[in-house]
Amino acid sequence: MNTKPLIVGLGNEFLGDDGVGIAAARELKADNTVDADVVDCNLSGVSLLDVLSGYGKVIFVDAIRTKEFAPGTIVELDISNFRSIPSDSPHHTGLPELVNLSKRLGIDFPNEIVVIAVEVEDYFTIGANLSESAKRAIGPLLDKVKLHLQLWKGDNDFD
Amino acid sequence: MARKVTIDPITRLEGHGKIDVFLNDDGNVDRAYFQVPELRGFENFVQGRPAEDMPQITSRICGVCPTAHHMASTKALDSLYKVTPTATARKIRELIYNTFYVEDHALHFFYLAGPDFIAGPKAQKGERNILGVLGKVGLEVGKKVIGMRKELRELISLIGGKVIHPVFGLPGGVSKPVTEEDRQKFVDVSQKAVEFGKFCLDIFNDVVLKNPEYVELITSDVYTHKTYYMGMVDGDNKVNYYDGDLRVVDPDGKEYAKFAPNEYLSHIAEHVEPWSFVKFCFLKEVGWKGFQDGPESGIYAVAPLARLNASEGMSTPLAQEAYEQFYNTLGGKPVHYSLATNWARLIELLNAAERMRALAADMKIAGADIRNIPTEAPAEGIGIVEAPRGTLIHHYCTDDNGLITKANLIVATQHNAARIALSVDKAAKGTISGGNIDDGILNLIEMAFRAYDPCNGCATHILPGKIQTDIRIYNKDHDLLKRLYGA
């Protein structure tokens with residue numbers, strides 16, 4: 001088990017605001033005060049198992065579109081916010097299914113999962129730049145990530 | 001107090017696969033449409049960028065098959081700069097590509113097709129997923145699949161950089177040699193991969209072929225379409241994923257055309273329907289005759305079943321044996337059952353593992369001559385590979401400085417789109433009559449396109465992910481009667 005936390009920037013950098021998680025991950029990679037492994041990728045479903053296995057704690061940074069918040073709002077979620085298999089299709093593999101699958105297979109899988117997402121506007125236009133609201137959200141997003149890392153570090157010191 | 005937010009995939013449905021079913025006066029299906037919304041701007045986006053960036057850009061467009069885009073793009077650069085990779089570089093590329101194939105085919109079979117065929121089409125919804133698959137075949141098999149994929153991905157990373165962002169392809173060669181130590185690792189893992197391939201086919205034999213109900217499903221009329229088939233072949237007309245000519249056979253299995261990649265525009269044309277942004281590919285000389293199968297219609301298919309049909313066999317002995325069993329069992333060539341694609345995929349998995357083993361055993365692959373430096377001015381380049389999901393075409397035009405002036409990508413889903421539309425329409429007609437909508441429609445329709453593993457994201461040049469479907473059924477007045485969501 002890797003004792004360092006993992007930060008995963010999810011999204012597609014060529015699709016406008018969908019790239020906000022990727023942009024944030026790159027800033028974290030360049031910041032040598034961040035004591036965590038950082039990856040950026042556009043994987044989903046079972047493919048994420050390959051990235052996550054072996055870590056105990058993970059933070060996802062991603063774009064989200066709920067239309068319930070103003071663009072640029074930072075939304076923090078944990079595993080309880082994700083409904084398990086809400087679709088009519090049996091083939092959907094989301095985060096809850098991954099947790100279940102890895103437990104059944106005895107794979108080392110993070111037992112602490114945090115998602116820090118930015119409510120975004122346009123994630124469909126290829127080649128579009130980040131919108132102003134997404135750009136402005138990156139600073140606060142990074143602060144949130146660092147806060148979590150601090151908290152986790154505190155936990156370890158306490159142990 | 002934090003506000004509780006519930007996320008479900010429906011919020012991300014916007015812009016994904018959508019199926020519209022229109023009923024007539026009698027409540028029967030008039031026509032079912034399978035459509036994908038447009039994503040704007042790929043051609044504009046790449047215009048003016050250096051062609052050399054394309055292997056990186058295109059592999060980041062799609063998270064499902066980055067290695068296939070990277071390889072097609074690298075080959076397009078070979079063609080653009082008129083440079084042939086060294087013999088060593090070619091072997092390295094082919095080794096990595098076959099390693100990727102084993103990994104990708106395993107993922108598809110166990111996670112996506114497995115729920116239909118291993119857990120079973122009649123299994124309860126809660127069981128028809130990867131956990132249901134494990135319930136049937138045992139946890140040890142699950143661990144084996146995950147462990148095998150991990151070893152294969154580590155091999156790709158050795159040479160290609162991160163699997164998710166490959167960086168090994170350069171015009172005229174590759175960026176990194178295979179050391180003798182690396183080669184030894186490939187030798188070891190490829191042996192395990194061959195055993196794994198045999199093991200997958202054994203599971204298919206035991207669980208699927210020995211169950212008459214499943215065999216009946218595979219051969220059912222809903223998923224049977226007598227179309228043309230296209231796939232890449234080597235000099236002996238054996239299936240090849242990395243390089244060769246494209247061979248097309250007619251619905252009777254006879255060779256209809258065989259052409260070099262740079263002649264593709266003479267053979268393939270694209271039809272546009274007002275209701276879809278996907279361009280439907282068809283054989284130019286046969287012509288577009290609407291959504292119908294048969295020799296008069298230019299509709300053709302790609303992907304594992306099509307590759308087997310379009311070839312005269314497999315390049316390796318164990319896969320060749322499996323190929324013969326496949327056609328003996330299903331009544332000779334060509335096989336027109338779309339769902340047989342899942343079986344064909346496992347035969348290819350074994351073939352790719354055997355190719356890996358043969359390439360890794362060749363000491364010359366650890367040579368130092370990994371690149372020919374391009375010296376010619378660029379103008380136009382075409383690169384074609386067989387992605388696991390089917391023929392993938394990258395075509396670029398540049399100015400004298402190698403900046404892109406025009407780019408055309410044709411992905412597997414575009415080749416298959418017309419045939420998938422046939423299946424969706426047939427499945428809808430089989431499950432709706434007199435205004436009664438059978439709840440089985442969702443799974444029947446999803447099975448129809450899951451066999452091809454289409455990536456609509458890719459087909460419209462976007463973000464990938466497995467398609468999320470949204471089926472809407474309308475009456476004759478176009479009032480919405482029912483809506484179903486899939487993954």
Side-chain angles (χ1 to χ4, degrees), chain A residues 10-16 18-19 22 39-51 53-54 64-69 75-77 80-95 97-98 100-107 115 117 119 122-128, chain B residues 2-12 14-15 37 39-42 44-46 57 60-64 107 111-112 115-116 119 123 125-132 134 139 142-143 146 149-150 153 162-165 442-443 446 450 461-466 468-469 484-487:
Chain A
L10 283 179
N12 188 324
E13 66 190 289
F14 300 131
L15 282 179
D18 197 38
I22 305 281
V39 298
D40 60 277
C41 65
N42 58 356
L43 300 174
S44 62
V46 181
S47 303
L48 273 176
L49 258 189
D50 301 311
V51 177
S53 68
I64 198 170
R65 182 144 168 88
T66 64
K67 293 183 184 168
E68 292 184 36
F69 306 102
V75 185
E76 198 175 319
L77 308 156
S80 70
N81 296 110
F82 290 83
R83 268 192 228 161
S84 186
I85 318 190
S87 87
D88 289 336
S89 165
H91 291 262
H92 171 77
T93 311
L95 218 39
E97 290 76 41
L98 280 188
N100 193 348
L101 177 64
S102 55
K103 265 189 202 148
R104 291 274 292 272
L105 291 177
I107 295 169
V115 178
E119 177 81 20
D122 174 12
Y123 58 98
F124 277 115
T125 306
I126 290 186
Chain B
R3 185 169 162 203
K4 177 100 177 157
V5 179
T6 303
I7 307 304
D8 70 42
I10 292 163
T11 59
R12 292 199 64 130
E14 210 177 29
L39 268 115
R40 307 175 292 265
F42 178 78
N44 289 343
F45 172 56
V46 297
I57 293 173
R60 280 168 189 259
I61 282 175
C62 174
V64 175
L107 177 78
Y111 295 119
L112 288 166
D116 289 332
K125 202 150 76 175
E127 283 296 304
R128 219 168 346 102
N129 54 32
I130 180 63
L131 294 170
L134 295 179
L139 289 181
K143 286 182 186 166
I146 298 227
R149 289 194 67 240
K150 187 164 188 282
R153 289 171 69 89
K162 293 275 183 199
V163 176
I164 42 182
H165 299 145
L442 178 76
N443 199 44
E446 288 202 327
R450 208 150 42 228
H461 308 302
I462 62 146
L463 176 77
K466 294 297 148 195
Q468 295 163 314
T469 45
L484 296 155
Y485 297 107

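In what follows, chains are A, B, ... by sequence order, proteins preceding strands, each numbered from 1.
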Part of B/L139 within contact of chain A (heavy atom distance under 4.5 Å): both

Value for CD1 (A/I107) from CD1 (B/I146), rounded to nearest 0.5 Å, stands at 3.5 Å

To the nearest 0.5 Å, what is the distance between CG (B/L107) and CG (A/D50)? 8.0 Å

Relative to chain B, which segment of A/E76 carries a heavy atom at a distance below 4.5 Å: side chain, backbone, both, or neither? neither

